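To start, the structure under review is shown below, and the notes come after it.
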2 protein chains.
Amino acid sequence: MSADWFRRRFLPRGPLPAPRPPRPRASPVPYRRPRFLRGSGSSSCTADASRRPDARPVRSPVRGRSLPWNAGYAEIINAEKSEFNEDQAACGKLCIRRCEFGIEEDQEWLTLCSEEFLTGHYWALFDGHGGPAAAILAANTLHSCLRRQLEAVVEGMVATQPPMHLSGRCICPSDPQFVEEKGIRTEDLVIGALESAFQECDEVIGRELEASGQVGGCTALVAVSLKGKLYVANAGDSRAILVRRDEVRPLSSEFTPETERQRIQQLAFIFPELLAGEFTRLEFPRRLKGDDLGQKVLFRDHHMSGWSYKCVEKSDLKYPLIHGQGRQARLLGTLAVSRGLGDHQLRVLDTNIQLKPFLLSVPQVTVLDVDQLEPQEEDVVVMATDGLWDVLSNEQVARLVRSFLPGNREDPHRFSELAKMLIRSTQGTDDSPIQDGQVSYDDVSVFVIPLHHQGQGHSSH
Amino acid sequence: MSADWFRRRFLPRGPLPAPRPPRPRASPVPYRRPRFLRGSGSSSCTADASRRPDARPVRSPVRGRSLPWNAGYAEIINAEKSEFNEDQAACGKLCIRRCEFGIEEDQEWLTLCSEEFLTGHYWALFDGHGGPAAAILAANTLHSCLRRQLEAVVEGMVATQPPMHLSGRCICPSDPQFVEEKGIRTEDLVIGALESAFQECDEVIGRELEASGQVGGCTALVAVSLKGKLYVANAGDSRAILVRRDEVRPLSSEFTPETERQRIQQLAFIFPELLAGEFTRLEFPRRLKGDDLGQKVLFRDHHMSGWSYKCVEKSDLKYPLIHGQGRQARLLGTLAVSRGLGDHQLRVLDTNIQLKPFLLSVPQVTVLDVDQLEPQEEDVVVMATDGLWDVLSNEQVARLVRSFLPGNREDPHRFSELAKMLIRSTQGTDDSPIQDGQVSYDDVSVFVIPLHHQGQGHSSH
């Protein structure tokens, strides 16, 4: 944001206007579970039937329905934390339209000669908060944004090296060399498209929520396969890992008020008005109180990775911008994540202080070269919302994967069975394979994506 | 910087004032070579004698003079790029005063009962630009800033765990638990002190240069040993690596307009006034020209790790905020580094556009646990300015270290001999051990710090 734009958007002059009252329209975003769960036991799509029974069922796609790459999926609703399951999921085939332009002399008219498709696949998890609407909108929308963004650069993607000019026309003879020197590869265009798609989707969600008078936000974790590579884009605290026989590799990192402390503190330093005099930007080991006044206590500010001591003043007693540790860490006492989609209207309870300026919708993207990996029979990517990772470590999940898959080679539905087993491992039930494990009371959603046989034949039309 | 402070400091309203003319005082910062080079051949300290002869000599401390930990040092002046050697170096013992306070009932008076010292060692390289003054000031000053910053927190450092309150007084019974939960360790206080010391030194340099009517800036790479650990703090493009028999480990990373692109572009996005309409914030594979207008070309902005295409407008033809690749990359067409000390008055040639807002003085700090490493006879840390690393890779330096040391065990001066040999390897001379090597025409300065026997007995008084 530019300072001027930022001030116009977030820092109105004069007394702050009251938050706009929700302006309900005829059709709020309807609650639903992912489409690919249709027909799976208790998987009716109406809100009423989705209310949990006493024993929470683990749900997965009905046998016979196959997801892209024969991926597995399972989910469980939280233990009465919210009426709805605020997690959402989506997956499908991505068909990216390629236009072939005419020969050189026709270029002025960009004659459309033929059309073919670059295909990929898409799996996404959205973990909602403040209501299910943002996650549902994201599940309905993000793949379309991504398709549009990829179509806008697809001519660049199908070339051996992205051309400096999308038209392929060379204006300087050394243009290819400039691109080469910058090290720009096809995968950078996909990364750029993912970054733009997340931002576009965030704008759509903002408009839709405002129009329907609804609120809320969600994290987004997306895996996209394209041309032999798997792109994992993450904004929030979900996680994807690669599990192989001898390797566990994180494919994402989490974005929380703790992991993004310096970015968030720095924004509050540049625009102190965002805290409206109600919060302190500084971090202390605990919230300070009157007895601490005048004492030198541990603190850190936006420019510090280390810690130092400062003499406590009265303004240091305010509520901290980022408070609490680990799972309990909150931004402005409100939000546990620092990236995601939505939350355009979110304010600190009983104040006019907005959360959105501190949130980023742009994801971090990791690229896995599946072709180069030469994946083996039981190599998988596990994607899950934080409910799983709060209870199971990467290594525990890897052990469960390795113990489950070899004995179930014949079951075509084995990756969903594995996803279900992972979820049951978080429920502290008698049949849980993890002894003395912790229990997750959160919504949990899991994709298991097998990599074997899938990296090949990537550019089918 | 806060937006208001920032505007007051960098964005004067109305027509921009002309740059303040230098206000010379009686004594500009005198040129000198590091003190520990005194008596070493051509090492006279006057400016005249420092002018290079036709064959540039490699200089190192005179035999018999030992540096902390018996470290080695060597330097060479550039090939007529500047009149002076703009690199500077410093090393020495750090004595940090510890005050022991009286027993509980006397605390109100903070009775000073005794004084003892926590000792460490310090090695620093500064690579100047725009004149030698900033690097000389940094070599004269930074260790004092660091001592002062460490003395301000030393009571916290000598405790098993840093206490929440510097006085050691416990205001909440669970204060130690809060500190524990945040994972705050002694080394975080040293990191905090290094971060503060760099900033304090930057302010001193700003004041001193203004008072003496001089200009310039420098990078800073500092290694500090304290309580069995080695802290490497870096702001700029110098580099430190650990070389062991079976391992080469980078102990720093470089800060250049390329590596800090997103931070720099984002600042220009928030405060577009900083570019005064003369530069474009966006990155393109090359500088655009009239023929590119209306074409879709590769670009990226501050929020992007990937690349995308945009339609070229007239404003995209401006000179880029960051231009060129690798060694040639420049910030505002002027500076090759994005962190360092000084440059308070630096402006883009023939304009009023300032560089300082884009520069950070805060270093990145890496911690090496020397005690835990159990260093062997030939384990060393090599610190050098960019002149060395432009020509030799980490692996080449490691090979040279491993080939040199075993045959020279008896020479007490062997680490300086190794530093000299490393420098000669950059000069393309007949006796260079690197065949077909590139040649460095830059100033080069090298410390070689042996780790064996040094991690032990760290807290002598």
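Note that these values count all heavy atoms, side chains included, but never hydrogens, waters or copies made by symmetry. Within every chain, numbering begins at 1; the chains are lettered A, B, ... in the order of the sequence lines, protein sequences first and strands thereafter. What you see is a predicted model; the values in this text were computed from it and never measured.
Nearest heavy-atom pair across Gly324(A) and Lys182(B) is O-NZ, 4.3 Å. Looking at every heavy atom in both residues, Ser308(B) comes nearest to Val153(A) through OG-CG1, 3.9 Å.
Contacts of Glu283(A) with chain B are made by side-chain atoms alone, with heavy-atom separations under 4.5 Å and no backbone atom involved. In this structure, no portion of Gln364(B) lies under 4.5 Å from any heavy atom of chain A. For Val362(A), the part sitting under 4.5 Å from any heavy atom of chain B is the side chain, from C-beta outward, and nothing else. Both the backbone and the side chain of Glu181(A) come within contact range of chain B, with heavy atoms under 4.5 Å apart. The part of Leu288(B) that comes within reach of chain A is its side chain, from C-beta onward, which places non-hydrogen atoms under 4.5 angstrom from that chain. The part of Gln199(A) that comes within reach of chain B is its side chain, from C-beta onward, which places non-hydrogen atoms under 4.5 angstrom from that chain.
Taking Lys296(B), Arg286(B), Glu195(B) one by one and counting their heavy-atom pairs under 4.5 Å with chain A, the maximum is reached by Arg286(B). In terms of heavy-atom pairs under 4.5 Å with chain B, the best-connected choice from Gly326(A), Ala193(A), Cys172(A) is Cys172(A). Note: Gly306(B) leads Gly306(B), Ala152(B), Gly183(B), Ala268(B) in heavy-atom pairs under 4.5 Å with chain A. Interface summary for chain A: among Phe284(B), Phe299(B), Trp307(B), the most heavy-atom pairs under 4.5 angstrom belong to Trp307(B). In terms of heavy-atom pairs under 4.5 angstrom with chain A, the leader among Leu298(B), Leu360(B), Ile191(B), Asp291(B) is Leu298(B). For chain B, the option among Val190(A), Val365(A), Asp175(A) with the highest count of heavy-atom pairs below 4.5 Å is Asp175(A). For the set Met164(B), Gln295(B), Glu187(B), the entry with the most heavy-atom pairs within less than 4.5 Å of chain A is Met164(B).
Side chains of Tyr309(B) and Ser167(A) form no contact here, defined as non-hydrogen atoms less than 4.5 Å apart.
Remark: Ser196(A) OG to Asp301(B) CG distance equals 10.0 Å, nearest 0.5 Å. From Asp292(B), atom CG reaches atom CZ of Arg169(A) across 9.0 Å, with rounding to the nearest 0.5 Å.
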